[in-house]
Every structure is written in C-alpha cells, then in structure tokens.
Undergrad: 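Can you keep this structure in mind? I'll have questions shortly.
Just so it is clear: chains get the letters A, B, ... in the order the sequence lines come, proteins before strands, and each one is counted from 1. Values reported hereafter were calculated over all heavy atoms of this structure, with side chains retained and with hydrogens, waters and symmetry mates removed.
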Amino acid sequence: GEDVEQSLFLSVREGDSSVINCTYTDSSSTYLYWYKQEPGAGLQLLTYIFSNMDMKQDQRLTVLLNKKDKHLSLRIADTQTGDSAIYFCAESLSGNTPLVFGKGTRLSVIA
Amino acid sequence: DVKVTQSSRYLVKRTGEKVFLECVQDMDHENMFWYRQDPGLGLRLIYFSYDVKMKEKGDIPEGYSVSREKKERFSLILESASTNQTSMYLCASTGQGAGEKLFFGSGTQLSVL
C-alpha cells in the first residue's frame, strides 16, 4: 500500500543547512513533492521532482531522490527563521490520483 | 493570482448541528479535495471530486458528505457535528494531468462544543 514517512521534528541553528528526509513505499510514484505550511496557513508547494530525476536545485533548495531506496530529501541551505514551518512530503502515483502526504516535519530554526 | 478561498477562518458549532464548509477556486480546476489536519496525524483525505456532480470517498469519509454543483465550488457537510470532528479543514484544487500542482486554501479551524 501507499505510505509516506517523515520524522516529526527537526531543529537547526540559523545559517546552518537543514535536511528533511522522507521515505515512500510505492515504486510507481511519478512525482514527489515538498509542501510548506506556515503557522495558521494552508500548504504551499515548495518544489517537486519527477521520478526519473535524481536531483533538482532551486536557489536555496535542493531535492535529492534515491529511487532504489525510495528516499526523498529536501535540503535548505543557509536556513533562516522564516523557514520555520511544517514541511510535508507527498507522492503522486498518476496524474489524477490524490496525493499521499506524510505527517509533516516541523522545522524549528534557532536564532 | 490563483486562489482557493474557504468561507470561514474559524467556526464554532454545537454538537448535533449541521455544518457547511464552503470552498471556491478561481482556476477552473477539475479536481477538488477536502482534508482534515490534526496534530500528529498529518493530512487525511475526506472526499474528493474530479468533476461537477462527481464525488469519491477518501480515507475518512464517515460523518461527512460533499456537494459539487458547480465546477468552482466544493462544499463539505457535517450532517450532525460531533466533538471528534473538531479539526482544521483544508480544501485544495488541481487541474488534470500528471505533475499538476495542488493549491490549498488557508483552512477552516472548526470547533465543535
């Protein structure tokens, strides 16, 4: 069945890199996503990666995908206090299937 | 600017009341979703719809129903609210096709007393 796992909490110092990890079980995933939820708000798409890619970089964000191990990570370089939020990993099995979300990782950035 | 709008940010209702949560999107999206979010449980899918007048059960449909009479509007209905339905409710929409992004509303925090 489908399952997406993430650790629930991560704490880093301002200026350090953050790495948020995610594992998924369905090898037929087509797209994998990272969403960010700031306090009191809905989720916003941060970035996504197609399953035939290994890496995607977008400014301070780097997504790494290891299909063999079904492992996805999000690296945030030079983490700022504004990066404090809950980060959700999600997988898509096909174009019209609801995304399967992990439970979210709460990132706390210490000044 | 694309938008998914949920009618209420906060709502307080009494046990047994019928509750309507409204969601409107302005992106002409075919697909719309209702989730609830609870601490430690993440997002759980309640119902979704791929087209007008169509609905599909998600993972936790019990105690809920939905209505999609127009493409832009997707309503979540609690026929008889109970205290265990106190939660943050999130609406989302997306177009059809692989890789389409999911856009979320800001959420409705519902408290059932």
Undergrad: Are B:Phe103 and B:Tyr89 connected in the hydrophobic side-chain network, where two residues link if heavy atoms are under 4.5 Å apart?
TA: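 No: no chain of side-chain contacts under 4.5 Å links B:Phe103 to B:Tyr89.
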Undergrad: Could you tell me whether A:Gln44 atom CD has more than 12 heavy atoms of other residues or ligands within 6.0 Å of it?
TA: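 No.
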Undergrad: I'd like to know if B:Leu76 and B:Phe20 are part of one continuous hydrophobic network [Ile/Leu/Val/Met/Phe/Trp/Tyr, side-chain heavy atoms within less than 4.5 Å].
TA: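 No: no chain of side-chain contacts under 4.5 Å links B:Phe20 to B:Leu76.
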Undergrad: Show the nearest heavy-atom pair for residues A:Phe88 and B:Gly42, with the distance to one decimal.
TA: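 Closest approach of A:Phe88 to B:Gly42, heavy atoms only: CE2-CA, 4.4 Å.
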Undergrad: Kindly work out whether a path of hydrophobic side-chain contacts (I/L/V/M/F/W/Y, heavy atoms less than 4.5 Å apart) joins B:Val19 to B:Tyr35.
TA: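 No, no single cluster joins them.
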Undergrad: Do A:Phe101 and B:Gln37 have side chains that get closer than 4.5 Å, going by heavy atoms?
TA: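 Of all side-chain heavy-atom pairs linking B:Gln37 with A:Phe101, none is under 4.5 Å.
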Undergrad: Should B:Met32 and B:Val66 be regarded as members of a common hydrophobic cluster, given that ILVMFWY residues are connected when their side-chain heavy atoms come within less than 4.5 Å of each other, either directly or indirectly?
TA: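 Same cluster.
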Undergrad: When rounded to the nearest 0.5 angstrom, what is the spacing between CG in B:Leu102 and CG in A:Leu45?
TA: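 Rounded to the nearest 0.5 Å, the CG-CG separation comes to 8.5 Å.
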Undergrad: Out of curiosity, A:Tyr33 OH to B:Lys101 NZ, how far, rounded to the nearest 0.5 Å?
TA: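 Reported value, rounded in 0.5 Å steps: 9.5 Å.
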Undergrad: So does A:Arg106 have more than 12 non-hydrogen atoms from other groups sitting under 6.0 Å from CZ?
TA: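 At most 12 heavy atoms, drawn from other residues, nucleotides or ligands, come within 6.0 Å of this atom.
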Undergrad: Please check if B:Val4 and B:Leu21 belong to a single hydrophobic cluster, counting links between Ile, Leu, Val, Met, Phe, Trp and Tyr side chain heavy atoms closer than 4.5 Å.
TA: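 Different hydrophobic clusters.
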Undergrad: Does anything in residues 35-43 of chain A get under 4.5 Å of chain B by heavy atoms, and if so which residues?
TA: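 Heavy-atom contacts from residues 35-43 of chain A to chain B are A:Tyr35, A:Gln37, A:Gly40, A:Ala41, A:Gly42, A:Leu43.
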Undergrad: Look at B:Leu45, B:Leu41, B:Asp59 and state which one has the largest set of heavy-atom pairs under 4.5 Å with chain A.
TA: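 Result: the option with the highest number of such pairs is B:Leu41.
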Undergrad: Checking B:Arg9 against chain A: side chain, backbone, both or neither under 4.5 Å from a heavy atom?
TA: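 The answer is the side chain of B:Arg9.
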